[in-house]
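Every number for a ligand or one of its atoms is a count from 1 in the order of the listing.
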Amino acid sequence: MVTIQTWAERVFFGDTLAEKFLDCDLENTPDIEAKKTLWSDPGRPASLQIADRKKRRKLPKPSSLHDKNMRARTLHTFANHELMAIELCAFALLRYPEAPESFRLGVAHILKDEQRHLQLYLDRLEHFGMQLGDLPVNDHFWRCAPLLDAPLKWICAVNLTFEQANLDHAPAYAQYFSSVQDEESAALMRVIAEDEIDHVGFGAAFLNQATLPEEKSFDLYVGNLTFHNSPSRARGREFSEDLRRRAGLDENYIASMKAL
Ligand SMILES: [Fe+2]
Ligand SMILES: [Fe+2]
């Protein structure tokens, strides 16, 4: 029988891109027989194995995006972020069988959004004559994964660090692409930014609920970050207060982030 567990296992351990895109009818798929699985590197096709550090390339500078190759490289990097986001969501479903239904269902919905995002990037890369895997990929988002031993830590890393940062990065890249007349890539970044508000919102709701009356949500967030993450990773150079407010982060939290 297909369960959330088997879906997440196939997405996480599958070594083809097709498995990463595996769909799930969340209304009709039972969430039973979930069992705890600790982190191990996800399955990947041969073309998407993590590259040796020396072979990896830096994200191109925004000032270089008039060059089509630099835009393609940038989009390739972002596509890999989406693939890692898919895998981190599948991992959460495998790692926290005891988490409340609201957490598991929320993560499952985010996983499906990340699959949609990856497809958008793959379609855009095709326009540049590229496929995911044509360039070396890194494991940046995986590094903290073994340390995420509770749902709150997962939320603080994934929703409230990687995705919160995208509330600044995605609109900034929409502007960069637009400034070099690549309106399609700009539109893609705007779609991502809009969805990211929901994803950060999911994390913000969970964090706010876990915050005791005498506590500050920002302190709880910082206290649940793992070795590889710091709050400064959760923001870009341009700080979007408005998108954070729309995500439901509280004023004190936003002010603390802004002051970093
Ligand atoms: Fe995404
Ligand atoms: Fe996301």
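- Among the heteroatoms counted here (N, O or S) of Glu163, OE2 is the one nearest to the Fe ion (ligand 2).
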(Q) Could you go through Asp242 and Arg245, starting from their C-alpha distance and side-chain angles, then the distance that decides it, and tell me whether this counts as salt bridge (Lys or Arg N to Asp or Glu O under 4.0 Å)? (A) CA-CA 5 Å; Asp242 178 48; Arg245 218 162 267 138; 5.5 Å; no
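- The ring-ring contact (aromatic ring centres under 6.0 Å, His included) test with His81 is passed by exactly one of Trp142, Tyr173, Phe141: Phe141.
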Q: Evaluate salt bridge (Lys or Arg N to Asp or Glu O under 4.0 Å) for Asp149 paired with Arg95, printing each intermediate quantity in order.
A: CA-CA 8 Å; Asp149 56 13; Arg95 179 64 180 82; 5.5 Å; no
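- Taking the Fe ion (ligand 2) as reference, Glu196 places its N/O/S atom OE1 nearest.
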Q: Test salt bridge (Lys or Arg N to Asp or Glu O under 4.0 Å) on Arg237 and Asp168 and set out the steps.
A: CA-CA 7 Å; Arg237 204 178 300 177; Asp168 299 328; over 6 Å; no
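- Residue His199 approaches the Fe ion (ligand 2) most closely through its N/O/S atom ND1.
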Q: Given ring-ring contact (aromatic ring centres under 6.0 Å, His included), test Trp154 with Phe206 step by step and report yes or no.
A: CA-CA 11 Å; Trp154 186 91; Phe206 198 94; 9.3 Å; no
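- In terms of distance to the Fe ion (ligand 1), the nearest N, O or S atom of Glu82 is named OE1.
- Counting backbone and side-chain atoms alike, Asp113 contributes no N/O/S atom closer than 2.8 Å to the Fe ion (ligand 1).
- Minimum-distance N/O/S atom of His117 relative to the Fe ion (ligand 1): ND1.
- The atom name of the N/O/S atom in Glu114 closest to the Fe ion (ligand 1) is OE1.
- Ring-plane geometry between Tyr253 and Phe218 is classed as perpendicular, the angle between the planes exceeding 60 degrees on a 0 to 90 degree scale with a lower cut at 30.
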